[in-house]
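Just so it is clear: chains get the letters A, B, ... in the order the sequence lines come, proteins before strands, and each one is counted from 1.
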Number of protein chains: 2
Amino acid sequence: MNQVEEILKKNHLSVTGSRQKIMQLFLNSNGALAHADIEKKTGESFDRVTVYRTLQSFVEKGIIHLIPTRDNSIKYALCKDDCEAGHHHDNHVHFICDECSKTICLDDVTVPQVKLPKGFTPQHAEMVVNGICGECK
Amino acid sequence: MNQVEEILKKNHLSVTGSRQKIMQLFLNSNGALAHADIEKKTGESFDRVTVYRTLQSFVEKGIIHLIPTRDNSIKYALCKDDCEAGHHHDNHVHFICDECSKTICLDDVTVPQVKLPKGFTPQHAEMVVNGICGECK
DNA sequence: GTAAATTTGCAACAATGATGCGAAAATTTA
DNA sequence: TAAATTTTCGCATCATTGTTGCAAATTTAC
Ligand SMILES: [Mn+2]
Ligand SMILES: [Mn+2]
Ligand SMILES: [Zn+2]
Ligand SMILES: [Zn+2]
């Protein structure tokens, strides 16, 4: 049983062509992927709707997480092992390169806490940094 | 000359019905506005395209700024006085209430700096905090 | 007040995403 | 391993969001 199959089985997802191919894409890619990237790379293999539904189920199972971007395009990236179905707890900073426009999970940089005004109760914080990445500099 | 007209003139925008009405909405509202909010509140007055273009020109002039959200819906809020055309420099944290789903500029809370891995050069950072706001708690 | 510049509304289009449903594929059962 | 059951897929269809070109209307400048 290969790595892809293992991940799907572990998360109680049936092993189908689209899921295998898309999961493999995430494992190969070193940055985050947009829906459009995936559709481009899977070529003619799958229907657009299937790609949407596959990404949704991966998110629900805690296999991948969404990354908010300033231009409101959704990106997806693999979660670390400790995310569970229905409850993500990655809390790392994301970096978007203005040069190559790659989106990178900075797994080792945690989102800092900020002191909020009286009355505000924080639940979750996201931080996205734009700039030039290591490879483009 | 009222406040709205003053703001428009100061930013070298011709004073038109849509711009006046939409600017007034921002001045009245205490939170950020989505395109849909604006369309709802301006009722039948203007075309959808006009609202888009009005918001765009306000952003370009540095009158309002975009707020990224986790669900990838764009929100807009008034900039502080020191933003200029083509170059925003609000760098405050934004808060989104999970209860009333209001989006609030925390003007006094600046986005903290984070130490990035070797090679990464930061240019701009956004931080969005979700939780319960002062009024909902 | 008139000419020039800008903005508006409309039509048309593109991109993104959701849903219902029958056909196909995967998993379970025996 | 074959049949029964469950799940997923692909297609058609629709909704929402946002963009563009262009002629008509409005605003501004003179
Ligand atoms: Mn990440
Ligand atoms: Mn703000
Ligand atoms: Zn780069
Ligand atoms: Zn609230």
Asks: Do any side-chain nitrogens or oxygens of Gln56(A) fall under 4.0 Å of OP1 or OP2 in dA18(C)?
Replies: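 Indeed, a polar side-chain atom of Gln56(A) lies that close.
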Asks: Does Ile74(B) or Lys9(B) map to a spot on DNA chain D nearer the 5' end, using the closest nucleotide for each?
Replies: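 Taking each residue's closest nucleotide, the earlier one in sequence belongs to Ile74(B).
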Asks: Categorize Ser73(B) for me: base, sugar-phosphate, or nothing, with a 4.0 angstrom heavy-atom threshold over every strand shown.
Replies: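 Touches nothing.
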Asks: When the distance from CZ of Phe46(A) to P of dA25(C) is rounded to whole Å, what number comes out?
Replies: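 Whole-Å distance recorded here is 13 Å.
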Asks: Could you tell me which non-hydrogen atom of Glu135(B) sits nearest to which non-hydrogen atom of Lys102(B), and how far apart they are?
Replies: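 Nearest heavy atoms, Glu135(B) then Lys102(B): OE1-NZ, 3.3 Å.
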Asks: Glu44(B) CD to dG9(C) C1': how many Å, rounded?
Replies: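 Going from CD in Glu44(B) over to C1' in dG9(C) covers 14 Å.
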Asks: Is any side-chain heavy atom of Arg19(A) closer than 4.5 Å to one of Thr16(A)?
Replies: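 They are in contact (side-chain heavy atoms under 4.5 Å apart), so the answer is yes.
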Asks: With nearest nucleotides of DNA chain C determined for Arg48(B) and Thr16(B) from heavy-atom distances, which residue corresponds to the more 5′ nucleotide?
Replies: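 Closest to the 5' end, via its nearest nucleotide, is Thr16(B).
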Asks: Toward the 5' end of DNA chain C, which comes first, Arg53(A) or Ala36(A), by nearest nucleotide?
Replies: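 Looking at the nearest nucleotide for each, Ala36(A) comes out on the 5' side.
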Asks: Using atom CE of Met23(A) as one end and atom P of dT8(D) as the other, report the distance to the nearest whole Å.
Replies: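 Going from Met23(A) (CE) to dT8(D) (P), I get 14 Å.
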Asks: Using 0.5 Å steps for rounding, measure from the SG atom of Cys105(B) to the CD1 atom of Ile67(B).
Replies: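 Separation between the atoms: 4.5 Å.
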Asks: Take atom NE2 of His12(B) and atom C1' of dT7(C), then tell me their distance rounded to the nearest Å.
Replies: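 It is 18 Å, rounded to the nearest whole Å.
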Asks: Can you work out whether Tyr52(B) or Val49(B) has the more 5'-proximal nearest nucleotide on DNA chain D?
Replies: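 Taking each residue's closest nucleotide, the earlier one in sequence belongs to Tyr52(B).
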Asks: dG20(C) C1' sits how many Å from Asp47(A) CG, rounded?
Replies: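 Distance, rounded to whole Å: 14 Å.
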Asks: Please confirm whether the shortest side-chain N or O distance from Ser14(B) to OP1 or OP2 of dT7(C) is below 4.0 Å.
Replies: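 For dT7(C), OP1/OP2 do have a side-chain N/O of Ser14(B) under 4.0 Å.
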Asks: Where the side chain of Val15(B) is defined as all heavy atoms beyond and including C-beta, which of dT28(D), dT7(C), dT8(C) is the nearest nucleotide?
Replies: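 Nearest nucleotide to the side chain: dT28(D).
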Asks: What's the CD-C1' distance between Glu39(B) and dA15(D), to the nearest Å?
Replies: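 Distance check: Glu39(B) CD to dA15(D) C1' gives 14 Å.
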Asks: Once you round it to whole Å, what is the distance between P of dT6(D) and CG of Leu13(A)?
Replies: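 About 18 Å, once rounded to whole Å.
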Asks: If dA30(C) has a Watson-Crick or G-U wobble mate with both distances under 3.5 Å, name it; if not, just say none.
Replies: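 Matched dA30(C) with dT1(D) under the 3.5 Å cut-off.
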Asks: Looking only at side-chain atoms of Thr50(A), point me to the closest of dC9(D), dT7(C), dC10(C).
Replies: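 Taking heavy atoms from C-beta onward, the closest nucleotide is dC9(D).
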Asks: Would Glu6(B) and Lys10(B) pass as an ion pair if we require N to O under 4.0 Å?
Replies: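 So Glu6(B) does not pair with Lys10(B) through a salt bridge.
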Asks: Donor-acceptor pairs under 3.5 Å, side chain of residues 119-132 of chain B to any protein atom, not counting sequence neighbours: which ones?
Replies:
{"unit_1": "His124(B)", "atom_1": "NE2", "unit_2": "Glu126(B)", "atom_2": "OE2", "d": "3.3"}
{"unit_1": "Asn130(B)", "atom_1": "OD1", "unit_2": "Arg70(B)", "atom_2": "NH2", "d": "3.3"}
{"unit_1": "Asn130(B)", "atom_1": "ND2", "unit_2": "Asp98(B)", "atom_2": "OD1", "d": "3.0"}

Asks: Hey, does the side chain of Ser18(B) come within less than 4.0 Å of dT8(C)'s phosphate (OP1/OP2), counting only N and O?
Replies: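 Ser18(B) to dT8(C) OP1/OP2: side-chain N or O found under 4.0 Å.
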Asks: Can you check the Lys75(A) NZ to dT16(C) P distance for me, whole Å?
Replies: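 Checked: the NZ to P distance equals 12 Å.
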